Each structure stands twice: as structure tokens, then as C-alpha cells.
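Residue indices begin at 1 and follow the sequence shown. None of these values were measured; they are calculated from a predicted model. We count ligands from 1, going down the list as the structure has it; atoms in each ligand are counted the same way.
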Amino acid sequence: MRAQEVLTPTAGLSALPEVEFSRLSQLDPNPLGEKALAIHPEQWKHGETEHFIYHFVDSYVVTPISVEAEFHYRVVAKELQREQPAGDTKSHIYVFERPADWEHFQTLGQLEKWSGGIHSQGSLFILRDRAYKFSANTLGHEIAHLILHRFYSDGIPCWLDEGFAQYVSKGAHASYQRARGYLAKPRSQGIAEQNLIPLAVLMAMTKPPSDRVEIFYDESERLVRLLASSDKTTFLALLDALARHQPFDTAFLRIYAGKFASAAALEEKFRDYAAKDSSVSDPL
Ligand SMILES: [Zn+2]
């Protein structure tokens, strides 16, 4: 599809320079990385940008990914008001192109079969073939996880990890498209009250519930949006406390004292907030 290629927002970019594996600035200690590179080892090429190292098959495929990855790094670092020192750890991104290789990798890594991408121990493994474009904010969502992991490597609650990744990537995707001349007005859709998962239940989940995946993502995003949009400094203090594994109620009451009398008051406000559609504010 030659014409489409010419029309892509990243057409005309200079290709990501290829670097020999032995000359990469950092190695990936993740055993899944080694497993990935063992699948048709002759196919893998390597390259790096300021915050990421890429393992890829085709530079046409990886070049726009590398541009988008650095773009999302800036968005997320700004949102978290943190910046990595120069020379700090880079995240590794493995870009598979052949579905058969990806299936082989899923078996080796014992990954969920539905997964088109997986974030594991700070590395990202994705399948992307030339004919397929990432839908909407998928890549930004995964990149947000990588960066959260870098700043909060002991882990944060699942709702916060997924909710933040959705929150930041939806806005970022819109800016990315607008910067390239696309009309983009993302919206965060309201959730009917009877479908809401009670906050205490949502916060106790260590992975998205298989029977309510969509509600889990939407509701987590809405909750992060409510907490982050009212006062950024307070939200970041809460994020730090939850990253040190403090219980939500204790941390929330201390940090949001004067804003909310109790977790029940938050839940009440959240129910109203979650029900309304809202436009996604631009994080840049
Ligand atoms: Zn996710």
C-alpha cells in the first residue's frame, strides 16, 4: 500500500540507525528478552534512542515506533513531574513482525493468548506487522507502563497502573495526531452507575477481572482522571504513597485531608463524575 505509506504521519522520517548488538549501551536482564532474540536470531536488528533500546526486524516498522516512544516519554515524565538523569536505565522494546514468531514467543513466555503485547519487568514485547497499525492509544498505553515501572519499580496498584496508562495515553494520542495535522478530540465516556465496580473492590484487584475488563479500564481511568485533574501535587503525593504500598484509605485520608472527609465521600463524588462524558484534556 504505497499511497498509504506516503500519507502516514511519520513518512519522511530518517530511519532509526542500526547498532550492532554488542555495541548497545545497555543489556536487558529480563530472561524474556533472551527468549525473544532466540527466535530466528538472524532476523533481529537493534537500535536506541535517548530512553529506549529497540530490537526489531525492519527499520520501516520501528522508526515510527521510536518517535512515538520518545514522544510518550516526554508526556509521561511531564505528567509525573519527574525526569530521568542522563545515562539512566533504558527500557527495551521488542518488535515482532511475524505472527508465527509471536505465537512461538507467547508459548515460551507463557503469555496470555489474547495478548498483542506484553509489558514484563520493565521490557515491552509487541507484535506489529507492516499491514497493521496500532489502534488509537495502544502503544502510548504500553509506553506509559514502561515509564511508570521505571519510576516506581516496586510496583503500584493495578487500577492505578492501568488507569494512569489510559488517562495519559488518550490525551497524548490526541496531541500526537493533532501535531501531525489530524483532527482528534478524544472523549472519555461516562459509565452507567449500575455498572460501576465499588471502589474498594476495584482497588483490591491485582489484575483486570476477565468478566469486566472494559469497565475495569474505563473506571480506573476515570478515577485517575478525577484524582489527577483536581490537584496534581496531591495526586503525585498519593501515587508516591501507594508506590510504597501504603493502604489506599490511610494514604488518601492523610493526603486529601481538607478535600475529602472520607473514602465514602470520594466514592460519592466519583459516582457523579464517572457517569458524565467528558472531553479529555491535553496533558501537554
Ligand atoms: Zn495496561
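- Between the side chains of H141 and H145, a donor-acceptor pair is found at a separation under 3.5 Å.
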(request) Decide yes or no on side chain to side chain donor-acceptor pair (under 3.5 Å) for E48 and S25, but give the supporting numbers first. (result) CA-CA 8 Å; E48 56 187 292; S25 68; 2.6 Å; yes

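- Note: angle at the Zn ion (ligand 1), from NE2 of H141 to OE1 of E162, is 90° (rounded to 10 degrees).
- Nearest heavy-atom pair across H245 and G155 is NE2-O, 3.4 Å.
- Taking the Zn ion (ligand 1) as reference, H145 places its N/O/S atom NE2 nearest.
- A donor-acceptor pair under 3.5 Å is absent between the side-chain atoms of E267 and the main chain of P198, judged by distance alone.
- Backbone or side-chain N, O or S atoms of D161 do not reach the Zn ion (ligand 1) at under 2.8 Å.
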